[in-house]
Amino acid sequence: MKITPAQPDDVSKLLAFREEAAAWLTQLGSDQWQRPYPADRLLATIQAGTVFMVLDGDATAATITLTPEAEEGLWTEQELGEPSMFINKLTVGRTHAGQNLGGRLLDWAGDRAYRAGAKWLRLDAWTTNDALQRYYLQQGFEHLRTVREGGAVNGGPRVSGWLAQRRTAPTDHGFEDLAPNPPRLPIEG
């Protein structure tokens, strides 16, 4: 499997991918991702070079966003002063479920963040999805706190504020990585 940066013409494919995941989550009894994600916001993150796709031949197997930009209102000033990268919108296609693809993608993100000079790989997970939170804990993340104040980027109240982090490290994730080397994070001080 190959990891490649998403391109602007992947927007509709990635929105459909998210809708598939939302339907699956609904079947599990979760309200996660029930509001549509704005196409213009997705396009902006693709153009910023922070959205990546895992390809299995011609099929999109998974996607992840890895960015040095923190969502406003979640992290403390001290945390924001530490070199970190943030993951969001990690999605594995139902056709590729059960293959530890999500775990390998988290390792890839931690490796990429490490190469960019980050100390922490951080995320904000859905506040009501206990199974997802347990998954991240099993993947070596430490829960810091849950933030419920504020609004969601696609409207309505904040729903993704379960904050967790794990240290970055070089890993053998097993993907053919076609993404360019990550830019180095700015050094604070």
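As the structure is a prediction and not an experimental result, all values here were calculated from the model.
Judged purely by atom type and a 3.5 angstrom limit, Asp10 uses its side chain to pair as donor or acceptor with the backbone of Gln7. Checked by atom type and distance alone, the side chain of Gln133 never pairs as donor or acceptor with a backbone atom of His143 at under 3.5 Å. Checking side-chain atoms of Asp56 against main-chain N and O of Ala61 turns up no donor-acceptor pair under 3.5 Å. Using a distance-only test at 3.5 Å, with no hydrogens or angles considered, a donor-acceptor pair links the side chain of Thr67 to the main chain of Glu69. With hydrogens and angles disregarded, no donor-acceptor distance shorter than 3.5 Å links the side chain of Thr63 to the backbone of Met53.
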From CA spacing to verdict: salt bridge (Lys or Arg N to Asp or Glu O under 4.0 Å), Glu142, Arg122: CA-CA 9 Å; Glu142 174 189 359; Arg122 291 181 165 150; over 6 Å; no

Audit row: Phe175, Arg104, side chain to side chain contact (heavy atoms under 4.5 Å, CB included) steps and yes/no: CA-CA 8 Å; Phe175 294 115; Arg104 289 174 54 205; 3.5 Å; yes

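Hydrophobic clustering of Ile, Leu, Val, Met, Phe, Trp and Tyr side chains at less than 4.5 Å, counting indirect connections, keeps Leu90 apart from Tyr114. Hydrophobic clustering (side-chain heavy atoms under 4.5 Å, transitive across Ile, Leu, Val, Met, Phe, Trp, Tyr) keeps Leu105 apart from Leu178.
Side-chain contact between Leu132 and Trp162: absent, with no pair of heavy atoms (C-beta onward) separated by less than 4.5 Å. Side-chain atoms of Thr146 and Thr127, non-hydrogen and from C-beta on, do get closer than 4.5 Å to each other. Annotation: side chain of Pro183 is not in contact with side chain of Pro68 (no heavy-atom distance under 4.5 Å). Taking 4.5 Å as the limit, some side-chain heavy atom of Arg166 sits within range of a side-chain heavy atom of Gln139. At least one side-chain heavy atom of Leu66 sits under 4.5 Å from a side-chain heavy atom of Arg112. With contacts defined as side-chain heavy-atom distances shorter than 4.5 Å, the pair Leu123/Tyr136 qualifies. The shortest distance between side-chain heavy atoms of Phe86 and Thr50 does not fall below 4.5 Å. In this structure, Val51 and Lys89 have side chains that are not in contact, with every pair of non-hydrogen atoms separated by 4.5 Å or more.
Atom CG of Asp9 sits in a crowded spot, with more than 12 heavy atoms from other residues, nucleotides or ligands closer than 6.0 Å.
Gly110 approaches Thr168 most closely through the heavy-atom pair O-CB, 3.4 Å. Scanning both residues, Pro8 and Gln47, for their nearest heavy atoms gives CG-CG, 4.4 Å. Smallest separation of non-hydrogen atoms from Asp111 and Thr171: OD1-N, 3.1 Å. Pairing each heavy atom of Ala70 with each of Leu80, the nearest pair is CB-CD2, 3.6 Å. Between Val147 and Gly73 the shortest heavy-atom distance is CG1-O, 3.9 Å. The two residues Ala6 and Ile46 have their closest heavy-atom pair at O-CG2, 3.4 Å.
Under a 4.0 Å N-O distance rule, the pair Asp177/Arg115 qualifies as a salt bridge.
The CD atom of Gln165 lies 7.0 Å from the OG atom of Ser84; values are rounded to the nearest 0.5 Å. To the nearest 0.5 Å, the span separating CG on Asp124 from CG on Leu163 amounts to 6.5 Å. For the atom pair CE (Met1) and CD (Glu176), the distance works out to 12.5 Å, reported to the nearest 0.5 Å.
Because its NZ or CZ atom is both nearer than 6.0 Å to the ring centre of Trp120 and within 45° of the ring axis, Arg167 counts as a cation-pi partner of that residue.
Between His173 and Trp108, the angle of the ring planes goes over 60°, which puts this pair in the perpendicular group of the 30/60° scheme.
Just one residue in the list Val54, Leu55, Ile64 forms a side-chain contact (heavy atoms from CB on, under 4.5 Å) with Ile3, and that residue is Val54.
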